[in-house]
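Along the sequence shown, residues carry numbers from 1. These figures come from a predicted structure and were not determined experimentally. The analysis underlying the following values was restricted to heavy atoms, covering all of them including side chains, and did not include hydrogens, waters or symmetry mates.
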Amino acid sequence: MQVIKTEEENERALAVLEELMHLENRSLEQDELYELLIFLIEEFEQNFYRPGSASTPHSILLLLMEQQEVTAEDLVEVVGSEDTVFDLVNGRSHISNELAESLGNFFKVDSSLFGL
């Protein structure tokens, strides 16, 4: 895997990510590829569509929600309250280490994607 430099490469990476997302029992290597693709896609989209902005825990959360078709309501059980979910989704609250662990488990990604 390499840095994504074009929209075509990004589309191919998104297609692979979607395939991996729907696998029931991903191998360790597939999990690592899944996490790497999330990072690479997010980096490309941040730089290509919004130059000067960097990946943040908030943007990673939104990308994962979009890719896995997770709604804010789906996160209430993980986060604990509707108000906290609302604040997280709208970028008004930061993701604590404990919450990063819970989100990592929920999305089946490494919690460090959320800034640990």
Side-chain angles (χ1 to χ4, degrees):
M1 188 61 24
Q2 62 187 18
V3 174
I4 299 170
K5 296 178 183 170
T6 67
E7 286 185 271
E8 293 79 27
E9 290 174 354
N10 191 51
E11 290 300 317
R12 285 193 301 269
L14 284 167
V16 173
L17 181 70
E18 186 152 347
E19 286 179 32
L20 289 170
M21 178 176 52
H22 295 293
L23 287 179
E24 291 283 327
N25 297 309
R26 289 190 304 249
S27 68
L28 179 60
E29 291 82 10
Q30 289 169 324
D31 277 340
E32 289 175 3
L33 177 59
Y34 181 78
E35 291 176 25
L36 177 61
L37 284 170
I38 289 170
F39 178 78
L40 292 173
I41 291 165
E42 179 68 17
E43 283 298 310
F44 172 79
E45 291 182 355
Q46 289 287 336
N47 293 322
F48 189 80
Y49 299 113
R50 292 168 275 173
S53 59
S55 292
T56 64
H58 175 253
S59 64
I60 295 290
L61 173 63
L62 295 180
L63 177 67
L64 287 167
M65 288 176 69
E66 179 182 332
Q67 291 297 315
Q68 296 186 22
E69 299 178 357
V70 170
T71 66
E73 292 80 28
D74 297 331
L75 292 178
V76 172
E77 209 172 295
V78 177
V79 173
S81 77
E82 289 181 27
D83 290 339
T84 304
V85 170
F86 180 79
D87 288 343
L88 285 172
V89 169
N90 290 297
R92 296 185 186 141
S93 180
H94 84 284
I95 298 174
S96 68
N97 291 350
E98 182 179 325
L99 183 53
E101 290 289 334
S102 297
L103 290 170
N105 290 334
F106 178 79
F107 286 108
K108 296 181 176 63
V109 298
D110 191 288
S111 59
S112 66
L113 287 174
F114 298 105
L116 280 180

With sequence neighbours excluded, residues passing side chain to side chain contact (heavy atoms under 4.5 Å, CB included) with [X]:
X: Glu82; answer: Val76
X: Asp31; answer: Arg26
X: Gln67; answer: Leu14, Leu17, Met21, Leu63
X: Glu66; answer: none

Subject >> CG-CG distance between Leu64 and Leu113, expressed to the nearest 0.5 angstrom >> reply: 7.0 Å
**OP:** Drop me the distance from Ile41's CD1 to Leu36's CG, to the nearest 0.5 angstrom.
**Re:** 9.5 Å
Subject >> Intermediate values then yes/no, side chain to side chain contact (heavy atoms under 4.5 Å, CB included), Phe107 and Ile38 >> reply: CA-CA 12 Å; Phe107 286 108; Ile38 289 170; over 6 Å; no
Original post:
What do the steps show when you test Leu61 against Leu75 for side chain to side chain contact (heavy atoms under 4.5 Å, CB included), and what is the final call?
Top reply: CA-CA 11 Å; Leu61 173 63; Leu75 292 178; 4.2 Å; yes
Going by the rule side-chain hydrogen bond (donor to acceptor under 3.5 Å, both in side chains), which residues pair with [X] if we only count those two or more places apart in sequence or in a different chain?
X: Asp74; answer: Thr71
X: Asp87; answer: none
X: Ser93; answer: none
X: Gln68; answer: Tyr34

State, yes or no, whether a side-chain contact exists between [X] and [Y] at a heavy-atom distance under 4.5 Å.
X: Ser59; Y: Glu42; value: yes
X: Glu101; Y: Phe114; value: no
X: Leu88; Y: Leu99; value: yes

**OP:** Might you work through the side chain to side chain donor-acceptor pair (under 3.5 Å) test for Ser112 and Asp110, ending with a clear yes or no?
**Re:** CA-CA 5 Å; Ser112 66; Asp110 191 288; 2.6 Å; yes
